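What follows is one structure encoded as structure tokens, with my remarks underneath.
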Amino acid sequence: MFFARFALRSGLAQRVRSFSTSPKRDAAKVALLGASGGIGQPMALLLKQSPLVSELALYDIVNTAGVAADLSHVNTPAHVTRHQGLEQLPDALRDAKVVAIPAGVPRKPGMTRDDLFNTNASIVRQLTETSAMTCPDAIICIISNPVNSTVPITAEVFKRAGVFDPRKILGVTTLDVVRANTFVAELANSNPQNVSVPVIGGHSGITILPLLSQTAPSVSLTPDQIQKLTTRIQNAGTEVVEAKAGTGSATLSMAFAGVRFVTSILEALSGKPNVVECAFVESDVHPDVKYFANPIRFGPNGVEENLGIGKLSDFEAEKLKEAKRK
């Protein structure tokens with residue numbers, strides 16, 4: 001099967017539990033920008049548990065000292081450092097191999113990801129300008145929404161700085177995959193850690209396209225189930241925003257997905273072969289679309305091979321046309 005290399009990704013909890021018995025690989029410094037926020041704090045806790053992290057540099061504009069002090073009491077080897085305010089940002093980034101950016105404001109009821117653009121775009125631009133100057137060879141993992149826009153912004157920042165490498169500017173769309181795996185598993189009454197659904201396109205609304213026909217192991221779905229699952233996966237972020245009734249957006253699930261992605265990048269950096277995740281990257285996979293999410297094989301230098309989109313069902317091909325128009 002085309003996506004056999006993407007299939008049967010183990011759950012993050014299984015991977016964390018295996019850390020104590022797995023051979024130790026080379027650890028690296030990870031900078032987490034937006035570490036005091038709703039996504040940043042649970043991400044920091046999960047990353048602190050990883051033997052692949054030698055130093056976890058926590059950066060934010062407020063409350064970093066408290067988060068760092070709290071996290072530093074966790075008895076795992078990763079060393080925690082705190083950095084607050086723009087004047088301390090270069091120290092957070094210096095020597096980082098991976099930079100994860102969940103910084104920005106969350107989505108509220110009635111807001112689309114596009115509504116976040118004016119605020120979050122400027123935050124991401126500021127953070128990535130310093131990243132381009134301080135750690136130009138780091139792999140940049142963009143979580144801040146709207147990812148469909150913040151990734152191209154980051155690429156332009158690195159291009160202007162003369163240090164752009166398309167293999168290392170990555171939009172994190174893993175939450176779409178995590179949700180697709182979960183929802184399909186619920187319908188199939190199976191373990192979501194053993195389900196793998198590639199999700200292509202973008203990271204907003206109808207640009208999110210789960211390839212349910214390529215689910216591994218394969219599942220039998222009716223046309224009505226496919227339509228309803230696709231719509232639910234596309235609108236899952238809104239589902240959480242509405243359930244939280246104005247108190248926030250998806251933070252815990254996004255942190256889980258973000259750490260899954262960062263862990264995969266760290267595994268690839270350490271030399272593990274055949275590491276595959278979906279990501280939103282500069283791409284020529286689809287005509288007239290410069291940035292696109294689909295399964296990517298990662299290596300020590302970031303993107304190693306773009307695995308494309310495989311054979312689509314008629315339903316998926318039509319949905320892809322709709323997404324392109326969007």
Side-chain angles (χ1 to χ4, degrees), residues 1-7 112-114 116-117 121 124 128 139-160 164-177 179-180 196-216 223 226-227 229-231 233-237 261 264-265 274-299 301-326:
M1 179 181 287
F2 183 83
F3 284 114
R5 291 166 291 187
F6 180 60
T112 66
R113 287 182 176 86
D114 290 341
L116 301 176
F117 178 81
V124 169
T128 55
I139 294 180
I140 312 296
C141 303
I142 304 294
I143 296 169
S144 306
N145 278 316
V147 166
N148 291 6
S149 300
T150 52
V151 170
I153 287 170
T154 300
E156 290 306 312
V157 166
F158 274 70
K159 286 175 183 177
R160 287 199 302 271
F164 176 65
D165 184 342
R167 300 173 300 173
K168 297 183 177 183
I169 307 297
L170 314 174
V172 180
T173 61
T174 316
L175 182 52
D176 299 324
V177 174
R179 286 167 167 162
S196 180
V197 183
V199 181
I200 68 169
H203 188 54
S204 176
I206 67 169
T207 69
I208 300 168
L209 179 55
L211 300 184
L212 298 170
S213 68
Q214 297 181 24
T215 299
I226 291 170
Q227 177 65 66
L229 269 174
T230 299
T231 300
I233 292 163
Q234 290 174 336
N235 296 326
F261 186 83
S264 290
I265 296 303
N274 201 36
V275 175
V276 178
E277 291 283 359
C278 291
F280 188 72
V281 299
E282 186 172 275
S283 170
D284 59 2
V285 163
H286 196 280
D288 304 321
V289 178
K290 190 172 182 180
Y291 294 88
F292 197 80
N294 59 269
I296 304 289
R297 180 189 287 113
F298 292 101
N301 295 306
V303 174
E304 189 171 79
E305 181 184 5
N306 190 316
L307 299 178
I309 61 176
K311 181 175 175 57
L312 306 186
S313 69
D314 291 343
F315 173 84
E316 291 160 354
E318 183 58 36
K319 288 295 181 181
L320 184 56
K321 290 179 184 177
E322 293 178 14
K324 180 183 173 182
R325 288 195 291 270
K326 179 66 174 178

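This is a predicted model, so every value here is computed, not measured.
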Query - Flag side-chain contact, heavy atom, 4.5 Å: Thr207 against Lys324 - result: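 No, side chains not in contact.
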Query raised in the report: Taking C-beta and beyond as the side chain, do Val124 and Val157 meet within less than 4.5 Å on heavy atoms?
Result: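 Side chain of Val124 against side chain of Val157, heavy atoms only: no contact under 4.5 Å found.
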Approximate separation, where rounding is to 0.5 Å, of [X] [atom1] and [Y] [atom2]:
X	Y	atom1	atom2	answer
Ile233	Arg179	CD1	CZ	10.0 Å
Ile309	Ile200	CD1	CD1	4.5 Å
Leu175	His203	CG	NE2	6.0 Å
Leu211	Leu312	CG	CG	6.0 Å
Leu209	Glu318	CG	CD	11.0 Å
Ile208	Thr231	CD1	OG1	11.5 Å

Query raised in the report: So among Val151, Asn148, Val285, which one has a side-chain contact (heavy atoms from CB on, under 4.5 Å) with Tyr291?
Result: Val151
**Report entry** Trace of the salt bridge (Lys or Arg N to Asp or Glu O under 4.0 Å) decision for Glu316 with Lys319
**Finding:** CA-CA 5 Å; Glu316 291 160 354; Lys319 288 295 181 181; over 6 Å; no
How close do [X] and [Y] get, counting heavy atoms only, and between which atoms?
X	Y	value
Ser213	Lys311	OG-O, 4.2 Å
Ala155	Ile169	N-CG2, 4.3 Å
Val172	Val147	O-CG2, 4.3 Å
Cys278	Pro198	SG-CA, 4.1 Å
Thr173	Gly202	CG2-O, 4.5 Å
Ile226	Thr230	O-OG1, 2.8 Å

Query - salt bridge (Lys or Arg N to Asp or Glu O under 4.0 Å) evaluation trace for Glu282 with Lys168 - result: CA-CA 10 Å; Glu282 186 172 275; Lys168 297 183 177 183; over 6 Å; no
Report task. Decide yes or no on side chain to side chain contact (heavy atoms under 4.5 Å, CB included) for Ile296 and Val281, but give the supporting numbers first. Result -> CA-CA 9 Å; Ile296 304 289; Val281 299; 4.0 Å; yes
Requested in this report: Carefully, step by step, assess Val289 and Asp284 under the rule side chain to side chain contact (heavy atoms under 4.5 Å, CB included).
Outcome: CA-CA 7 Å; Val289 178; Asp284 59 2; over 6 Å; no
Query - Stepwise side chain to side chain contact (heavy atoms under 4.5 Å, CB included) test for Leu212 and Val197 - result: CA-CA 6 Å; Leu212 298 170; Val197 183; 4.0 Å; yes
Requested in this report: Take the angle between the ring planes of Phe261 and Phe298 and call it parallel below 30°, perpendicular above 60°, tilted in between.
Outcome: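 Rings of Phe261 and Phe298: perpendicular, over 60°.
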Requested in this report: Go through the steps to decide whether Asn306 and Ser283 satisfy the test side chain to side chain contact (heavy atoms under 4.5 Å, CB included), and finish with yes or no.
Outcome: CA-CA 8 Å; Asn306 190 316; Ser283 170; 3.6 Å; yes
